[in-house]
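Order of the sequence lines fixes the chain letters, A, B, ..., with proteins taken first and strands second; residue numbering starts at 1 for each chain.
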2 protein chains.
Amino acid sequence: MIEINAPQLRESHEARMMTFPEQFERFARIHLPANLSDAAILRFQALGRAAAVSREEALALNLHADHLVFVCSGATKLVAHASDRRDQVVGFHFPDELVVVPARAEHSYTLEAVRPSELLVFDYRDFTELARSDPAVLRSLLECARGSLSRSREKSLALGRKTATERLAGFLVAMAVRIGSIRDGTLSIDLPMSRRDIADSLGLTIETVSRQFSVLRELGLLETTGKAGVRIPDLRALEARAGYLTEAA
Amino acid sequence: MIEINAPQLRESHEARMMTFPEQFERFARIHLPANLSDAAILRFQALGRAAAVSREEALALNLHADHLVFVCSGATKLVAHASDRRDQVVGFHFPDELVVVPARAEHSYTLEAVRPSELLVFDYRDFTELARSDPAVLRSLLECARGSLSRSREKSLALGRKTATERLAGFLVAMAVRIGSIRDGTLSIDLPMSRRDIADSLGLTIETVSRQFSVLRELGLLETTGKAGVRIPDLRALEARAGYLTEAA
DNA sequence: CGCCTCTTTGACTAGGGTCAAAAGTGGTGG
DNA sequence: CCACCACTTTTGACCCTAGTCAAAGAGGCG
């Protein structure tokens, strides 16, 4: 273990919790415009609250309101719940990302920690109301929503039309891009989520996910170390298994 | 046929094409703030172009740019294309709705007409650039994106975790809400899309969709008239078959 | 009215789910 | 430092839902 690109994902004993102002400062640096007045920043700060969520715990939220959550540290999943406790992970989130958690409708949504996480929570209505006349903040929210929409559409394609192997290959490619790092000269991922989380994200069972890991391993497309470690010797080769469109005009 | 709530979906011989200014005026009324100056409106108008697309035809777009498309009349589908010409419909759109069509990435997207449609096309970059300092326009775009994201997440849940029957039931409930009307005292839908479109939207085959129509018909949850007509005597009963979360605290 | 397409139904297959058990992981305490 | 233990992951055997292939039946436009 020479270097870790995403140290904020690690659970470590010495990980000091951030104070609320530190968390907010981090959020503001990324998602609020740089030239915002101190007074305006304080108004946004007044809307937020910090929440620490431990592994597999759901963030407590008012079910009847939309929320905006900023991930300071850790890793989270947004889970949609249908009848018969069938769950679908509709997205994973990593530090510095912003998530919109919808209110309960035909289905309910919970934001759950995949690793112990520090979160900053806003009421969506309050936040957009305060931002209603601030184009820079609105643009930031719009970009966030567009990114989520794009990932969600890719997921629809995977869930609707791809085989189990393609889904796992695509998932690992996406994770490599988002939280991968180079170790010993090889692209590596330290997966923060369990096989169950992956299964619930890909619309499969844990057994099928496990079998597909074996398939990709036997194809020489990846090596696994322990439960979480994945090494990808050839990202292009893995992409080719993901059912992506072949390069054409 | 006593009344039709969504006459704009009908293909009719006498349907006169709208002129570009008429189309734009309709778009502006819905998606631009009422108090926008004439000069500003003209700047937006200068960015748009009208396009008429016939049934099953794809809107011609620059593949390497995002687009914003307003549906004036007809009905469209946004289709994601994976390898081996497997297609996934990621959304349907009806008059007065706004769609974001993403540029080609790992997969490509096309916007195709399900009925002959009149569309208003904008380059997404140009549009947001012009709107960059207009909070009202940005809020409108944000609302549009949030609605699409919400529908897309519901679709992920359906594709990942629901049975064929639940998917069709949920689809018909959603269509009833979006384009249904009351005829002879019964909730009715005149489906603008083919069985293939429905299958591509639900991640099924046309045969399975057809079989599920038969299942719901035999359960007394719907009646079909011709290829497109669906009557829903009891919406609540159909919802109960859609795998929605049962009403709880 | 007739033809062509779309939809429905039927028979069979296969990919992934289910149930069960073995193997591996990693944390804890002796 | 290692052995134990609870839990997660992997593997195996079998099953079921939806896919595939094929053919019959309806619709609707000319």
Side chain proximity check, B:Leu119 to B:Val71, heavy atoms < 4.5 angstrom: yes
Between the protein and nucleotides 3-6 of chain D, list the N/O to N/O atom pairs that are separated by less than 3.5 angstrom.
none

Sequence-distant partners of B:Ser156, side-chain contact (heavy atoms from CB on, under 4.5 Å), two or more places apart: A:Val90, A:Ser152, A:Lys155, A:Ser156, A:Leu159
Is it true that a side-chain atom of B:Ser188 and a backbone atom of B:Thr186 form a donor plus acceptor pair closer than 3.5 Å? yes
Quick note, salt bridge (Lys or Arg N to Asp or Glu O under 4.0 Å) partners involving residues 70-79 of chain A, not counting sequence neighbours, are A:Glu56-A:Lys77, A:Lys77-A:Glu112, A:Lys77-A:Asp197
Helical bend (five base pairs per end, nearest 10°) for the helix from C:dC1-D:dG30 to C:dG30-D:dC1: 40°
When every non-hydrogen atom of A:Pro233 is compared with those of A:Gly220, the smallest separation belongs to CG-O, 3.8 Å
In whole angstroms, the gap separating P of C:dG15 from CG of B:Leu204 amounts to 17 Å
Is there a side-chain polar atom (N or O) of A:Thr205 under 4.0 Å from OP1 or OP2 of C:dG17? yes
N/O contacts under 3.5 Å, protein versus nucleotides 21-24 of chain C?
none

Please name all residues satisfying salt bridge (Lys or Arg N to Asp or Glu O under 4.0 Å) with B:Arg217, sequence neighbours left out, ordered by chain then number. none
Residues of residues 79-92 of chain B with any non-hydrogen atom less than 4.0 angstrom from an atom of DNA chain D: list those, numerically ordered, please. none
Are the side chains of A:Leu172 and A:Leu222 in touch, meaning some heavy atoms are under 4.5 Å apart? yes
Selection: residues 210-219 of chain A, any non-hydrogen atom under 4.0 Å of DNA chain D: A:Ser210, A:Arg211, A:Ser214, A:Arg217
State, with a plain yes or no, whether a side-chain heavy atom of B:Asp184 is found less than 4.5 Å away from one of B:Arg231. yes
Close side-chain approach of A:Arg26 and A:Leu120, heavy atoms under 4.5 Å: no
Is there side-chain contact between A:Phe70 and A:Asp96, with heavy atoms separated by less than 4.5 Å? yes
On DNA chain C, check which nucleotide each of A:Glu207 and B:Thr224 is closest to and give me the residue with the more 5' one. B:Thr224
Would you indicate whether the side-chain heavy atoms of A:Arg104 and B:Leu245 approach each other to under 4.5 Å? yes
Would you say the side chain of A:Gln212 lies within less than 4.5 Å of the side chain of A:Leu216, judging by non-hydrogen atoms? no
note: A:Arg196, atom CZ; D:dT10, atom C1'; distance rounded to Å ~ 15 Å
For D:dA18, take OP1 and OP2 only and decide whether either is under 4.0 Å from a side-chain N or O of B:Thr208. no
In terms of side-chain heavy atoms of B:Ile206, which of C:dT7, D:dT20, D:dT9 is nearest? C:dT7
Residues in side-chain contact (heavy atoms from CB on, under 4.5 Å) contact with A:Arg151, at least two apart in sequence or another chain: A:Ser148, A:Arg178
Among residues at least two apart in sequence or on other chains, which ones pass ring pair (Phe, Tyr, Trp, His ring centres under 6.0 Å) with B:Tyr109? none
Should A:Arg195 be listed as having a side-chain N or O under 4.0 Å from OP1 or OP2 of D:dT10? yes
For a quick check of understanding: with a heavy-atom distance under 4.0 Å over all strands, which category does A:Gly203 fall into, base, sugar-phosphate or nothing? sugar-phosphate
Decide side-chain contact (heavy atoms from CB on, under 4.5 Å) for B:Arg115 and B:Phe94; before the verdict, give the C-alpha distance in whole Å, the side-chain angles of both, and the deciding distance to 0.1 Å. CA-CA 10 Å; B:Arg115 302 265 123 175; B:Phe94 303 107; over 6 Å; no
Go through residues 157-174 of chain B and report each residue with a non-hydrogen atom lying under 4.0 Å from DNA chain C, sorted by number. none
Note, B:Met193 side chain near B:Ile198 side chain (heavy atom, < 4.5 Å): yes
Sidechain N-carboxylate O distance under 4.0 Å for A:Arg86, B:Glu166: yes
For A:Asp200, does its backbone N or O pair with a side-chain atom of A:Gln88 as donor and acceptor, under 3.5 Å? yes
Those residues at least two apart in sequence (or on a different chain) that pass side-chain contact (heavy atoms from CB on, under 4.5 Å) with B:Glu239 are B:Val173, B:Leu235, B:Arg236, B:Tyr244
Roughly how many Å is it from CG in B:Asp190 to C1' in D:dG28, rounded to a whole number? 14 Å
